[in-house]
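Lettering follows sequence order; numbering is per chain, from 1.
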Amino acid sequence: MPELPEVEGVVRDLRPIVEGKTIKSVSLSDVVYTSHEAGKQAIVKNAKPSQFELLVRDMKIDKLERRSKYIFFHLKKDDERFILVNHLGMSGAWFVVTDVLEITEEKFRKHIHAIFTLASGELLVYADIRRFGELRFIKEIADHPPLLKMAPEPFDEIACDFFIMQSEKPKFAKKSIKEVIMDGQVISGCGNIYATEALFKMLIHPGKATNELSREQKTMLFRVICDVLQESIDSGGSTISDYRSINGGAGTMQHRLKMYGKKQCVVCETNTESLVIAGRTSTYCPQCQK
DNA sequence: AACTGAGACCGGGTGC
DNA sequence: TGCACCCGGTCTCAG
């Protein structure tokens with residue numbers, strides 16, 4: 001599952017290849033078309049597939065930006081600017097190839113949903129096995145209100161104060177700390193993997209109520225989250241199940257995880273336990289985390 | 001108005 | 001071999 005470090009890796013790999021290039025045309029899969037005809041919106045949001053194909057045509061990819069777990073393709077045509085917002089969902093992946101057969105992993109090749117033909121002749125391909133990802137063409141961020149509610153980037157200097165402020169609101173204070181740090185309106189980009197890791201490092205039980213933590217503990221927890229995210233960025237992200245960097249690349253952070261997916265605590269060897277918090281499996285050590 | 005919980009979206013993986 | 005079920009990031013909508 002791509003979280004902030006994985007998305008950062010994709011953007012860093014994609015940026016030098018696609019920035020400055022022009023999209024000649026886009027072709028969406030039959031699945032996308034059929035879904036829209038059935039009244040759903042697989043992958044392409046807020047536009048009919050045929051409209052989307054026309055909208056993106058001839059746009060220059062001016063800049064790539066990662067914001068939380070989203071990728072913003074800043075587009076430009078004449079003097080007008082637009083944003084193509086992409087979220088990888090559970091299983092989205094980008095490839096840059098000259099022929100889709102170069103995508104060797106069949107499970108991705110079978111689920112190609114958008115092919116952007118660049119003026120350079122390269123194909124920028126979006127594949128998404130579970131179709132939880134999205135491509136959303138907008139004029140500005142305000143066109144999609146949930147984007148306005150995202151917490152600041154975790155490495156932004158105001159992010160820690162923002163986290164503490166949010167965590168003290170009644171809405172969050174009585175929730176479990178795990179649920180709160182995974183909420184994109186509190187901290188950007190921290191999903192299940194890194195929340196699990198950070199709580200283990202801090203020896204905090206994931207079910208602990210947020211208002212039972214002191215400000216000092218919250219500040220330390222925030223630093224630990226940033227450290228874990230940075231360590232993962234430096235390792236190329238965690239390659240778990242369907243996450244791939246561009247062209248199927250893999251990271252190595254999965255080997256450095258100490259609690260996520262573990263059966264035993266690496267410190268005391270006690271069997272780990274898990275709890276479902278906000279719909280997500282939360283693994284923890286009942287001995288170490290209180 | 002603001003929050004809460006449920007539902008929706010999916011196919012690979014797992015276990016019976 | 002087949003099938004039911006589990007899983008999960010985020011938005012939307014009903015209550």
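- Following rounding to the nearest Å, A/K149 (NZ) and B/dC3 (C1') show an atom-to-atom distance of 10 Å.
- At whole-Å resolution of the value, CG in A/N46 and C1' in C/dT10 are 14 Å apart.
- For the pair A/K174 and A/K107, both in contact range of DNA chain B, the more 5′-proximal nearest nucleotide belongs to A/K174.
- Counting heavy atoms from C-beta outward, A/F163 and A/I181 have side chains that approach closer than 4.5 Å.
- Rounded to an integer number of Å, the gap from A/D242 CG to B/dC9 P is 20 Å.
- In summary, the side chains of A/T98 and A/E102 do present a donor paired with an acceptor at a separation below 3.5 Å, with no hydrogens or angles considered.
- For B/dC3, neither phosphate oxygen OP1 nor OP2 lies less than 4.0 angstrom from any side-chain nitrogen or oxygen of A/K175.
- Taking only side-chain nitrogens and oxygens, A/S91 never comes nearer than 4.0 Å to OP1 or OP2 of B/dC10.
- When rounded to the nearest whole Å, the span between NE2 of A/H111 and C1' of B/dG12 equals 8 Å.
- In this structure, A/K110 reaches the sugar-phosphate backbone alone: every heavy-atom distance under 4.0 Å involves primed, P, OP1 or OP2 atoms, never a base.
- At the heavy-atom level, A/K45 lies nowhere under 4.0 Å from the strands shown.
- At whole-Å resolution of the value, CG in A/L135 and C1' in C/dT10 are 15 Å apart.
- Taking atom NZ of residue A/K169 and atom C1' of nucleotide B/dA1, one finds them 14 Å apart after rounding to whole Å.
- Of the side-chain N and O atoms in A/H87, one or more sit less than 4.0 angstrom from OP1 or OP2 of C/dT10.
- Atom NZ of A/K149 sits in a sparse spot, with 12 or fewer heavy atoms from other residues, nucleotides or ligands closer than 6.0 Å.
- If you measure from atom CG of A/N192 to atom C1' of C/dT10, you get 14 Å, rounded to the nearest angstrom.
- The aromatic ring of A/F132 is stacked on the base of B/dC9, with the two ring centres less than 5.5 Å apart and the planes inclined by under 30°.
- Distances were taken from every side-chain heavy atom of A/H144 (C-beta onward) to each of C/dT12, B/dT4, B/dG11; the shortest belongs to C/dT12.
- The pair A/K258-A/E197 fails the salt-bridge criterion, with no side-chain N (NZ, NE, NH1 or NH2) lying under 4.0 Å from an Asp/Glu carboxylate O.
- Nearest to the side-chain atoms of A/K171 among the listed nucleotides C/dG9, B/dG13, B/dC3 stands B/dC3.
- The residue A/F172 sits apart from the nucleic acid: no heavy atom pair falls under 4.0 Å.
- The CE atom of A/M90 lies 15.0 Å from the CZ atom of A/R131; values are rounded to the nearest 0.5 Å.
- Between A/Y194 and C/dG9 there is no side-chain polar atom (N or O) within less than 4.0 angstrom of OP1 or OP2.
- Taking the six-membered ring where the residue is Trp, A/H111 and A/H113 present tilted rings, their angle falling between 30° and 60°.
- Per the geometry, CD belonging to A/E134 stands 20 Å off P belonging to C/dG8, to the nearest Å.
- Of the side-chain N and O atoms in A/R130, none sit less than 4.0 angstrom from OP1 or OP2 of B/dG12.
- Using a 4.0 Å cut-off, no side-chain N or O of A/K40 falls inside it from OP1 or OP2 of B/dA8.
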